[in-house]
A.B. asks: 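Submitted below is the structure of interest, expressed as structure tokens.
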Number of protein chains: 2
Amino acid sequence: MLTGYDVYWQNMNPETMTEVSVATLKVACSGCNLRELCMPVGFNTEDMQKLDTVVATRRRIKQGDLLFSNGDSFTSLFAIRTGFFKTCVSTIDGREQVTGFQMAGEIIGLDGIVSDHHSCNAVALEDSDVCVMPFSNVEELSREFPVLQRHVHKIMSREIVRENSVMMLLGNMRAEERLAAFLLNLVQRLHARGFSQSELTLRMSREEIGSYLGMKLETVSRAFSKFGDEGIIEVKQRYVKIVKPDLLKKIFNPETCI
Amino acid sequence: MLTGYDVYWQNMNPETMTEVSVATLKVACSGCNLRELCMPVGFNTEDMQKLDTVVATRRRIKQGDLLFSNGDSFTSLFAIRTGFFKTCVSTIDGREQVTGFQMAGEIIGLDGIVSDHHSCNAVALEDSDVCVMPFSNVEELSREFPVLQRHVHKIMSREIVRENSVMMLLGNMRAEERLAAFLLNLVQRLHARGFSQSELTLRMSREEIGSYLGMKLETVSRAFSKFGDEGIIEVKQRYVKIVKPDLLKKIFNPETCI
DNA sequence: AGGTGCCCTTGACTTACATCAAAGGTTTTT
DNA sequence: AAAAACCTTTGATGTAAGTCAAGGGCACCT
């Protein structure tokens, strides 16, 4: 059984690409179906063509490969065209913390601006394509287009707000609340990209979910099983179907629902 | 016994202000002793005068009062001139997560950009003065001065990176590691402002520290006591002296020291 | 088809931290 | 100066999640 997300992935997977999708790979922002996610809206044709120059090149990253890693010098932001990434930081003694999962239309690399060097690793969790946006281009065009300037600020602010809510998850929520919040967030973002709001295929392992949510893989697995036993979701390995979203929301926040 | 930080606080506390400090309250960015923290460096006099216009007004916030709260419409960023703040988010059922502590020279309000509304509360932990910087001013001047533009980007990126490391703390570290990291960070930031690198007076309660670090106030207290028993720090209520910073660093990261 | 390796699940046991409770300090109020 | 409110410390006990361990499923390789 394929979810919308699977179909999407198959179509966009470079290994299985048709001529049509190869063609779409070449289009600029102005013709990109993810434009509303990456770029501000409401431009005329002429301005849009100028905005196209924010993207210098594209890069294809194979599953498991790094887009950038801690210490790399920062030159560009990356807009994900297709695929799925995790970002993570690690301690010297090898403990890893996943700081986020990013999907098509999202921007990664913001961590590098402050020190001109990246402070985390970005790993492709599936074969992916990214638009390389040299940060000097972004800044230059931002000065010319206030709407783009505002857009860049919003993207950074959104990341700050997201991390605030992850801090709430990690600091105050119990294991099942964290997993419920995680699933709801994931499916909501997929839905915003035109996929199912009830079915998804996880692109990350239990261990990676656990790292993001501050729990061990066994605890993640137990929480999945518990949700399954209670009929809230159906789980089969990385396939997840949300059967009772209300109950999931209720777990995430007991006050909000019913 | 007074730490450098206490002296600083006494001088800048509006309640005990002398005429001299009232005068300094009126100076613009160009004459502000915190300029290097808030503002980019390397401007000529003329440009600096233009940059002064980024600050519209000042606001004095009394201890315990809110600078802004969740849901407030966003219009301005705030640069802390004097004082100390916490920012926090809360769930509907009343659980609170402190997302950060901010001191003089730091910028708060970035959370509001994405949705034009603030998504957290900013509470003064002591009587404080802030410079109100209407965000439209910031954006306008950013377009004119690339150095300011870059500065704004760096401030936002720094916040993202800070939150990444808090996620690491919350997700991977044990109670004592968290407290060690917290103390080292606090004292380092105070030192950057010219205060002691070994002594400080906490402006927040054990409960607020605990909220930030994802632990209960009793656990915070026990960790303080343990560090005290081991001779790593001296604690008396909110006064803390770091006696053996190396041991503290070793706790934070067993690999780095000796 | 069988082997290899990785990921996931589940059970038994352990532990770091939370919770509950009480007492002592410190600051604020009256 | 006494009272009240709040904060901090410390001890005793409870528990959610971690750790350890074993087995099973799935995908990839030869």
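Reminder, nothing fancy here: chain letters follow the sequence lines and each chain counts from 1. Just so it is clear, the values below take in all heavy atoms, side chains as well, and ignore hydrogens, waters and symmetry mates.
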A.B. asks: Does the pair B:Glu230 and B:Lys244 meet the rule for a side chain to side chain contact (heavy atoms under 4.5 Å, CB included), with working shown?
C.D. replies: CA-CA 10 Å; B:Glu230 293 170 345; B:Lys244 296 176 182 165; over 6 Å; no

A.B. asks: Could you pick out which residue, A:Gln237 or A:Ala175, lies toward the 5' side of DNA chain D when each is mapped onto its nearest nucleotide?
C.D. replies: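 Here A:Ala175 is the residue nearer the 5' end.
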
A.B. asks: Are the side chains of A:Val98 and A:Met204 in touch, meaning some heavy atoms are under 4.5 Å apart?
C.D. replies: no

A.B. asks: Nearest-Å distance, CG (B:Leu217) to C1' (D:dT9)?
C.D. replies: 10 Å

A.B. asks: Given D:dT9, D:dG18, C:dA18, identify the nucleotide with an atom nearest to the side chain of B:Lys216.
C.D. replies: C:dA18

A.B. asks: What is the distance, rounded to the nearest whole Å, between atom CD of A:Glu207 and atom P of D:dT19?
C.D. replies: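 The answer, rounded to whole Å, is 11 Å.
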
A.B. asks: Specify the separation, in whole Å, of atom CZ of A:Arg206 and atom P of D:dA17.
C.D. replies: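 To the nearest whole Å, that distance equals 17 Å.
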
A.B. asks: Would B:Glu106 and B:Arg193 count as a salt bridge (charged side-chain N to carboxylate O under 4.0 Å, His left out) if you check the C-alpha gap in whole Å, the side-chain angles of each, and the deciding distance to 0.1 Å?
C.D. replies: CA-CA 11 Å; B:Glu106 297 179 330; B:Arg193 283 155 183 79; 3.5 Å; yes

A.B. asks: In this structure, how many angstroms lie between the P atom of D:dA17 and the CD atom of A:Glu177, rounded?
C.D. replies: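 Distance, rounded to whole Å: 9 Å.
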
A.B. asks: With no hydrogens and no angle check, just 3.5 Å: does a side-chain donor-acceptor pair link B:Tyr239 and B:Glu199?
C.D. replies: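 Yes, side-chain donor-acceptor contact under 3.5 Å.
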
A.B. asks: Quick one: is B:Arg238 getting a side-chain N or O under 4.0 Å of the D:dT8 phosphate, OP1 or OP2?
C.D. replies: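 True: B:Arg238 side-chain N/O within range (under 4.0 Å) of D:dT8 OP1/OP2.
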
A.B. asks: Take the protein atom CZ of A:Arg178 and the nucleotide atom C1' of D:dA17, then report the distance between them rounded to whole Å.
C.D. replies: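 My rounded result for the distance is 9 Å.
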
A.B. asks: What integer distance in Å separates B:Phe224:CZ from D:dT10:C1'?
C.D. replies: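 Whole-Å distance recorded here is 16 Å.
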
A.B. asks: Walk me through it: do B:Arg222 and B:Lys226 pass the test side chain to side chain contact (heavy atoms under 4.5 Å, CB included)?
C.D. replies: CA-CA 6 Å; B:Arg222 280 183 236 273; B:Lys226 178 127 184 285; over 6 Å; no

A.B. asks: Using a cut-off of less than 4.0 Å, is there contact between a side-chain N or O of A:Lys236 and OP1 or OP2 of D:dG25?
C.D. replies: no

A.B. asks: Would you classify A:Gly214 as touching base, sugar-phosphate or nothing, given that sugar-phosphate means primed atoms plus P, OP1 and OP2, and contacts are heavy atoms under 4.0 Å?
C.D. replies: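 Sugar-phosphate, no base atom in range.
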
A.B. asks: Checking contacts here: which listed nucleotide (D:dT9, C:dA16, D:dG18) is nearest the side-chain heavy atoms of B:Ser221?
C.D. replies: D:dT9

A.B. asks: Take the protein atom CZ of A:Arg222 and the nucleotide atom P of D:dC20, then report the distance between them rounded to whole Å.
C.D. replies: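 Nearest whole value for this atom pair: 13 Å.
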
A.B. asks: Strictly below 4.0 Å: does A:Thr219 bring a side-chain N or O up to OP1 or OP2 of D:dG18?
C.D. replies: yes

A.B. asks: Can you tell me how far P of D:dA12 sits from CD of B:Glu218, to the nearest Å?
C.D. replies: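 To the nearest whole Å, that distance equals 15 Å.
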
A.B. asks: Across the strands shown, which category fits B:Ser225 at heavy-atom distances under 4.0 angstrom: base, sugar-phosphate, nothing?
C.D. replies: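 Sugar-phosphate contact only - B:Ser225 comes under 4.0 Å of backbone atoms but never of a base.
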
